[in-house]
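These notes concern the structure reproduced below.
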Amino acid sequence: MRDTMTGALSDAVAQHLLPHPPAGLGVAVSGGSDSTALLHLLYKVAQSYSITLHAVTVDHKLRPEAACEAAQVAQLCRDLDIPHTVLSWTDWDGRGNLQKAARDARYRLIGAWARDQALDAVALGHTLDDQAETVLMRLARGSGVDGLAAMAPRRLSQGITWIRPLLGLTRAELRSDLQAQGVPWVDDPSNDDLRFDRVRMRQALALLAPLGIDAQALGQVAFNMARARDALGWQAFLEARRIARIDAGAVRIDWRSYRTLPDEAARRILLSAIGWISGSGYAPRRRPVLGLIDALKQGTGGTVDGVQAWRDRDTLWVVREYQAVRDLRCAPDALWDGRWRVEGPAAQSDLHLTALGEDGLKQLPDWRAAGLPRDVLRVTPAVWRGADLVAAPLAALGKDWVARIDGGEDAFFAALLSH
């Protein structure tokens, strides 16, 4: 019975890695039941498919017990002969939402660790229960299709594929299997702290279960919404291909075509443009984006997440906001604003990159010759020697210099299909 249960769970996990299992795979392990079960199940899968596992634990330095829990995970990994690393989060300033800050730090630290280990993928221990709790939390916020789709089984972020192989399994199933194998786990007391929304949602689920609103039902809602999200994303992708193009790092959209789109397609195209230009890992909230669309329909514009949009006759421009890049400065061979690569003559130590800005526009013989609006040109990268403009590749100054979007401009269109 024990082998049958473990085998069935291992097969469910393996399906998330096939048909092309990675040579190396990271797994985040906190020591709780979910991540401990994931580690054991992946250990069995790794043996079958010749996958090298690397485990990582993040110590958030928020509880004195955390170091001991990390040591327990380290011992568990030694028993399984799995390399293990402990990462520490030490830079919280005590402000804002603690759970969000800890989550963001966790992903940032694990992402950097995975890149250092040359790992393309990291497995996370989110379960069907976590999925149901997420759906409830987003229902409370009045989320739309994307929000109710909750967590995706696979997601690309920071150049890493984040895999959630346990989304179809309940916490009870995983704990039953661990108990059958005699494997202990750690219970984090914060999981019972009613100050946190997720804990309150967990308790609400217990009350809703007799009505049929349980983890399985809410997980099905997330699945259904994910399919709807994919269909909407595909429609928005096709429309964007028809009416939008990239010009000097800005998104240029035919306004007459855009204004006749269904509201959701229009919102998704603008949302994708904002995310692609800002480089933010998180989509802006629905209300500011809808407010910006309303402003555009009234003939004005606005700014969201460091990106501005406005209408110029029959063209809708979506452009980086100058204030967001005004003080950005780096060497010519570095990535500027998280997305621009500038190439030119051999590196010279007295050169640097900053935005073209108003000072640069004044030094151009005729900035209008580029055929671009002033607000588009001034947020493009320029090469400087002190206060003297050396090259402005997007304004045709400096024939030996070229500026390109890192990763290619098609990333804007691809973002409409990613989630």
Side-chain angles (χ1 to χ4, degrees), residues 243-255 258 270 273-280 292 295-296 299-412:
I243 69 173
R245 67 184 179 91
I246 307 303
D247 202 340
V251 180
R252 182 175 185 167
I253 301 172
D254 178 70
W255 173 251
Y258 181 82
L270 184 58
I274 292 170
W276 179 69
I277 292 171
S278 71
S280 173
L292 178 55
L296 290 168
T300 58
T303 300
V304 174
D305 280 9
V307 176
Q308 62 174 332
W310 76 90
R311 283 170 48 192
D312 180 9
R313 293 185 291 276
D314 290 329
T315 298
L316 165 58
W317 287 97
V318 189
V319 183
R320 193 63 157 132
E321 183 189 17
Y322 180 65
Q323 289 295 112
V325 297
R326 182 187 61 184
D327 298 323
L328 295 182
R329 176 179 174 136
C330 66
D333 58 351
L335 188 66
W336 186 77
D337 192 25
R339 65 191 193 118
W340 284 105
R341 295 284 182 190
V342 177
E343 301 171 1
Q348 302 175 48
S349 59
D350 61 341
L351 298 181
H352 66 273
L353 293 181
T354 61
L356 181 60
E358 294 297 330
D359 289 342
L361 290 172
K362 293 176 182 177
Q363 295 186 43
L364 291 173
D366 180 10
W367 64 265
R368 293 175 180 82
L372 293 167
R374 187 185 195 94
D375 282 350
V376 173
L377 275 179
R378 68 176 185 155
V379 295
T380 59
V383 184
W384 298 79
R385 178 178 289 111
D388 296 326
L389 181 65
V390 174
L394 280 305
L397 176 69
K399 63 179 182 179
D400 296 328
W401 293 88
V402 177
R404 297 187 178 90
I405 295 291
D406 191 48
E409 296 175 342
D410 279 349
F412 159 65

*asked:* Any carboxylate oxygen within less than 4.0 angstrom of a Lys/Arg side-chain nitrogen, looking at Arg245 and Glu409?
replied: no
*Please name the pair of heavy atoms, one in Leu394 and one in Leu377, separated by the smallest distance, quoted to 0.1 Å.*
O-CD2, 3.7 Å
*asked:* I want to check something: taking the side chain as every heavy atom from C-beta on, are Arg341 and Leu335 in contact at a cut-off of under 4.5 Å?
replied: yes
*Taking atom CG of Leu372 and atom CZ of Arg252, what is their separation to the nearest 0.5 Å?*
7.5 Å
*Can you name the closest pair of heavy atoms from Trp336 and Ala355 and give their distance?*
CZ2-N, 3.4 Å
*asked:* Consider side chain to side chain contact (heavy atoms under 4.5 Å, CB included). Of Leu316, Asp314, Leu296, Leu270, which one does Ile253 pass it with?
replied: Leu316
*Measure the CG-CD1 distance between Asp254 and Ile243 for me, rounded to the nearest 0.5 Å.*
6.5 Å
*Are Trp310 and Val319 close enough that some pair of their side-chain heavy atoms sits under 4.5 Å apart?*
yes
*Are side-chain heavy atoms of Val383 and Leu353 found at a separation under 4.5 Å?*
yes
*Sort out for me which residue in Val318, Val251, Ile405 forms a side chain to side chain contact (heavy atoms under 4.5 Å, CB included) with Phe412.*
Val251
*What distance do Ile246 atom CD1 and Ile277 atom CD1 have between them, rounded to the nearest 0.5 Å?*
7.0 Å
*Say you draw a straight line from CZ of Arg378 to CZ of Arg326; how long is it, rounded to the nearest 0.5 Å?*
10.5 Å
*Under 30°, 30 to 60°, or over 60°: which ring-plane class applies to His352 and Trp384, parallel, tilted or perpendicular?*
parallel
*asked:* If you define the side chain from C-beta out and look only at heavy atoms, does anything of Tyr322 sit under 4.5 Å from Asp375?
replied: no
_Ala324 versus Gly306, closest heavy-atom pair with distance_ = CB-O, 4.0 Å
*Does the Thr354 side chain pair with the main chain of Arg329, one donor and one acceptor, at a distance under 3.5 Å?*
no
*Glu343 (side chain) donor-acceptor with Arg404 (main chain) under 3.5 angstrom*: no
*Pairwise side-chain contact, Val307 with Glu321, heavy-atom cut-off 4.5 Å (strictly under)*: no
_Sidechain-backbone polar pair: Asp366 side chain, Arg368 backbone, donor-acceptor under 3.5 Å_ = yes
*Do the side chains of Asp247 and Val376 get nearer than 4.5 Å, heavy atoms only?*
no
*asked:* Using side-chain heavy atoms (C-beta onward) and a distance below 4.5 Å, is Arg320 in contact with Ser278?
replied: yes
_Note, Val342 side chain near Pro332 side chain (heavy atom, < 4.5 Å)_ = no
*Results of side chain to side chain donor-acceptor pair (under 3.5 Å) for Asp400 - residues two or more places apart only*: none
*Which atom of Pro393 lies closest to which atom of Ala403, heavy atoms considered*: CB-N, 3.7 Å
*Check Trp340 against Gly249 and note the closest heavy-atom contact, atom names and distance.*
CZ2-CA, 3.6 Å
*Quick one: closest heavy-atom pair of Gly398 and Ala391, and the distance?*
CA-CB, 4.1 Å
